[in-house]
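The structure appears below as structure tokens.
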Amino acid sequence: MGSRASTLLREEEIEEIKKETGFSHSQITRLYSRFTSLDKGENGTLSREDFQRIPELAINPLGDRIINAFFPEGEDQVNFRGFMRTLAHFRPIEDNEKNKNAAASEPLNSRTNKLLCEYRRYLTLTTG
């Protein structure tokens, strides 16, 4: 199964995900391997049911809220890129949140993006 994960994820994709999320090459390949093992339909996406099969989430009182974090409103599937973007919000905030380069976008795990992510979830819960 590890070879399946490494053959489907191209180096260019890994580099793009590294830049976007801040995860290392090894973290991305490990998470891709986990993603593909959860993808029971082998269609390159995860459903809520795929997440619910994770024993730690099934017994967690906040499991449904954690699972919902992976699905934008109206979506019932998440691909690997979306999976990684969501996980990036949970990464610890680094001291060097932003590069000195003013043109660089703010990391997904920045304080601002974490607050925006939670605010969007709050709006979804209160309006939906």
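The CG atom of Leu62 sits 11.0 Å away from atom CD1 of Ile67, with the distance rounded to the nearest 0.5 Å. Here Ile28 contributes atom CD1 and Glu16 contributes atom CD; the two are 10.5 Å apart, rounded to the nearest 0.5 Å. Separating the CD1 atom in Ile66 from the CG atom in Leu57 is a distance of 5.5 Å, to the nearest 0.5 Å. Rounded to the nearest 0.5 Å, atoms CZ (Arg34) and CG (Leu38) are 4.5 Å apart. Thr36 contributes atom OG1, which lies 9.0 Å from atom CD of Glu42 (distance to the nearest 0.5 angstrom). Atoms CD and CD1, from Gln52 and Ile54 in turn, are 10.0 Å apart once rounded to the nearest 0.5 Å.
Judged by distance alone, with hydrogens and angles left aside, the side-chain atoms of Glu75 form no donor-acceptor pair with the main-chain N or O of Pro72 at under 3.5 Å. In this structure a side-chain-to-backbone donor-acceptor pair under 3.5 Å is missing from Asp50 to Asp39. Side chain of Arg91 to main chain of Thr21: a donor-acceptor pair is present (N/O by atom type, distance under 3.5 Å, no hydrogens or angles).
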Inset, instruction - Run the numbers on Phe70 and Leu87 for side chain to side chain contact (heavy atoms under 4.5 Å, CB included), then give the verdict. - result: CA-CA 8 Å; Phe70 287 90; Leu87 289 177; 3.7 Å; yes
Inset, instruction - For Arg85 and Arg81, run side chain to side chain contact (heavy atoms under 4.5 Å, CB included): C-alpha distance rounded to whole Å, both residues' side-chain angles, the deciding distance at 0.1 Å, then the answer. - result: CA-CA 6 Å; Arg85 282 188 198 111; Arg81 189 60 74 73; 3.2 Å; yes
Inset, instruction - Show the numbers, then the answer: is there a side chain to side chain contact (heavy atoms under 4.5 Å, CB included) between Leu46 and Phe80? - result: CA-CA 8 Å; Leu46 297 179; Phe80 183 66; over 6 Å; no
Inset, instruction - Please report the C-alpha distance between Gln27 and Lys18 in whole Å, then the side-chain angles of each, then the deciding distance to 0.1 Å, and finally whether the side chain to side chain contact (heavy atoms under 4.5 Å, CB included) criterion is met. - result: CA-CA 9 Å; Gln27 289 171 321; Lys18 268 176 66 171; over 6 Å; no
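The aromatic ring centres of Phe51 and Phe71 sit less than 6.0 Å apart.
With 3.5 Å as the limit, one finds no donor-acceptor pair spanning the side chains of His25 and Glu15.
Across Lys40 and Ser37, no two heavy atoms sit closer than the pair NZ-O, 3.2 Å.
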